[in-house]
Amino acid sequence: MGKSYRFLLSAMSAIGHINVTVGFGDLLKSRGHRVIFAQNEKFRKIAEEHGFEFVPFDEKIMGEDDARRFIKWLLENSHYFGVNWIETVKNMTVEDGSIFKSVIEGSKKIDKALDKILETIGPIDCVVYDIFGVLPCFVKRKNLINIPLNSYNPIALYSFSGYFGGFSLVNRDPVEEAKFGKGFELMWSGGKKMRREWLTSEGMESVADELDKGNFFPKPDYFGFYHYPEDLDYTELGEHEPGWIRIDSCVREDDPSTKFEVPEVLKDKPGKLIYFSLGSLASCDHKAMRRILDILAKSPHRFIVSTGHFGDKLELADNMWGEPYVDQIKVLQVVDMAIIHGGNNSFMEALYYACPIIVIPYFLDQLDNAQRIEDKGLGRRVDIGNTGESELLKIIEDTLTNTEVHEKIRKVSENMRSSTNREIAAKMIEDLIEERKKSTK
């Protein structure tokens, strides 16, 4: 066992980003380090279940839960999602993209909350975080090592104008990609302007200048890590932004002492067992959820459903069982297939557990993940707003019986599990800490 260091971890208040950060924290803890997790009080249980110390954000600073703003925006703009995102983004306005202002506002609050924690928590050797953008509280502490995690689909790290558009890279259309890029830039412009004003007010105008050159994700001070398997990475686009290093798997650890039991209401029913989830945000669109569930009710198979925040508005058919939250890692290990929204965390967990998947993307990088499995021959993308009942039911049958796809996913899973770059990433951070300590003696 090497030297033990003190790490502070934090992430955006979204379960996917939380889970990826927890996965990295599991790695650090397994190497003998002290891990402290900082976030809203509601995430205390997750941190403590993984053996981390927990420090809550100051609720006076954080105010309203960011998730509520996301849900409100999502429901107001739900007519844009689940259909042809490439077309609809061209019609969206700066106001339609107001969520990006909320993202920056959320980053500002996290910055203040972390600044207060760093003032009182004592010496920290390194901060590891999955938070959008640059945080002044790290920049002004020049001796504090900060390592960003990027748990989005990594296509935005490459020189590609159509990121978050769900474009196929097999049959490319640069003209359409460029049109989409202009539309997305307009949506993002309000958030970009707010980011510049914020960073300038913090004396970081040069940082704002660099970000305004077009990089959606800033260059790390030292290095940062993105979570994606080598088999799916976008190497055909050339080199990605400098400073970012791939980790094939950052899936949080499973507790082997417990397992998911198939609910009694499904045990004796016929058919394969399928998991369905639109994630913590898209599941709030109960109209979309109802449409999909109505189709799945006509399937001969059984479904475990993550019903989400508004699960009480949904009625489940006889071939279904669900709860607002299910232990996804446990479920993925017992089902025959998963129908998921393609958020990067769920996408990586399904691949890690070699679970055949259909991706029903809703927005942003979910579309890129959905298209990536199509391009790689690993599964199917379904745009639910444009897919009929009989077509979806046929896609389910085809995916369940496609042994070639199952074998490909199994190989991706094996490669994710056998990769050593998680340990290499941890060693890079440890070496950086030790080098810094020696240089300051």
Side-chain angles (χ1 to χ4, degrees), residues 74 78-88 166-168 266 269-308 310-311 313-322 326 328 331-332 335-343 346-347 349-351 355-406 408-409:
L74 181 147
S78 61
H79 56 286
Y80 282 129
F81 308 128
V83 290
N84 190 327
W85 179 239
I86 294 172
E87 288 299 320
T88 57
F167 284 95
S168 172
L266 297 180
K269 286 186 168 61
K272 298 292 187 179
L273 190 60
I274 300 173
Y275 173 55
F276 170 57
S277 170
L278 286 188
S280 57
L281 289 178
S283 63
C284 296
D285 184 348
H286 52 86
K287 290 181 181 178
M289 288 286 288
R290 280 176 180 162
R291 179 163 188 262
I292 297 169
L293 290 173
D294 286 347
I295 296 174
L296 300 184
K298 298 175 182 178
S299 168
H301 304 295
R302 301 168 294 160
F303 295 88
I304 293 172
V305 182
S306 178
T307 57
F310 301 131
K313 296 180 180 290
L314 302 172
E315 290 186 13
L316 300 183
D318 290 341
N319 63 339
M320 302 173 188
W321 171 90
V326 300
Q328 183 166 279
V331 170
L332 288 170
V335 296
D336 299 292
M337 186 179 76
I339 301 173
I340 56 175
H341 64 304
S346 295
F347 190 59
E349 289 179 353
L351 291 173
C355 187
I357 46 179
I358 294 170
V359 179
I360 301 180
Y362 202 72
F363 54 21
L364 298 177
D365 65 334
Q366 298 167 20
L367 292 109
D368 293 314
N369 283 329
Q371 190 58 47
R372 199 57 173 165
I373 62 163
E374 287 254 342
D375 284 355
K376 290 291 186 178
L378 289 167
R380 296 294 300 274
R381 168 180 175 169
V382 172
D383 294 317
I384 194 59
N386 303 317
T387 304
E389 174 184 303
S390 59
E391 184 180 359
L392 177 55
L393 292 175
K394 184 178 186 304
I395 290 172
I396 290 172
E397 297 302 326
D398 290 346
T399 304
L400 282 168
T401 57
N402 192 325
T403 55
E404 181 181 353
V405 167
H406 297 185
K408 285 183 177 181
I409 289 179

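Side chains included, hydrogens not; waters and symmetry mates left out as well; all remaining heavy atoms used.
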Apply side-chain contact (heavy atoms from CB on, under 4.5 Å) to Asp336 and Leu400, showing your working. CA-CA 7 Å; Asp336 299 292; Leu400 282 168; 4.2 Å; yes
Straight-line distance of [X] [atom1] to [Y] [atom2], nearest 0.5 Å:
X      : Y      : atom1 : atom2 : result
Ile340 : Cys355 : CD1   : SG    : 8.0 Å
Leu266 : Ile274 : CG    : CD1   : 11.5 Å
Asn369 : Leu378 : CG    : CG    : 11.5 Å
Lys313 : His286 : NZ    : NE2   : 5.0 Å
His301 : Met320 : NE2   : CE    : 12.5 Å
Ile358 : His341 : CD1   : NE2   : 15.5 Å

Sorted by first residue and then second, give each side chain to side chain donor-acceptor pair (under 3.5 Å) pair with at least one member in residues 287-299; sequence neighbours left out.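 Listed once each, the pairs are Lys298-Glu389.
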Once ring pair (Phe, Tyr, Trp, His ring centres under 6.0 Å) is applied, do any residues pair with Phe276, and if so which ones, sequence neighbours excluded?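 Residues passing ring pair (Phe, Tyr, Trp, His ring centres under 6.0 Å) with Phe276: none at all.
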Ignoring hydrogens, what is the shortest heavy-atom contact between [X] and [Y]? Give both atom names and the distance.
X      : Y      : answer
Val405 : Gly379 : CG1-N, 4.1 Å
Ala370 : Val359 : CB-CG1, 3.4 Å
Tyr275 : Ser306 : OH-CB, 3.8 Å
Gly166 : Arg381 : O-NH1, 2.9 Å
Thr399 : Met337 : CG2-SD, 3.4 Å
Pro356 : Ile409 : CA-CD1, 3.6 Å

Gln371 pairs by side-chain contact (heavy atoms from CB on, under 4.5 Å) with which of Asp375, Leu367, Ile373, Asp368?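 Only one of Asp375, Leu367, Ile373, Asp368 forms a side-chain contact (heavy atoms from CB on, under 4.5 Å) with Gln371, namely Asp375.
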Checking Ser346 against Gln328: is there a side-chain donor and acceptor pair closer than 3.5 Å?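 Yes.
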Let me see the working for Leu278 and Asp285 under side-chain contact (heavy atoms from CB on, under 4.5 Å), right down to the final yes or no. CA-CA 9 Å; Leu278 286 188; Asp285 184 348; over 6 Å; no
With a 4.5 Å limit on heavy-atom distance, are the side chains of [X] and [Y] in contact?
X      : Y      : value
Ile384 : Leu392 : yes
Ile360 : Asp383 : no
Leu296 : Ile339 : yes

Counting only heavy atoms from other residues, nucleotides and ligands, does the tally under 6.0 Å from NZ of Lys376 exceed 12?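 For Lys376, atom NZ is crowded (more than 12 foreign heavy atoms under 6.0 Å).
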Between Val326 and Trp321, is a side-chain contact (heavy atoms from CB on, under 4.5 Å) present by the stated rule, with each step listed? CA-CA 11 Å; Val326 300; Trp321 171 90; 4.0 Å; yes
Is the shortest distance from a Lys or Arg side-chain nitrogen in Lys394 or Asp398 to a carboxylate oxygen in the other one below 4.0 Å?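 Between Asp398 and Lys394 there is a salt bridge, with a charged N closer than 4.0 Å to a carboxylate O.
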Could you walk me through whether Ile395 and Glu391 pass the side-chain contact (heavy atoms from CB on, under 4.5 Å) check? CA-CA 6 Å; Ile395 290 172; Glu391 184 180 359; 4.1 Å; yes
With no hydrogens and no angle check, is any side-chain donor or acceptor of Arg302 less than 3.5 Å from a backbone partner on Gly271?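 Yes, the answer is positive, given that a donor and an acceptor are paired below the 3.5 Å cut-off.
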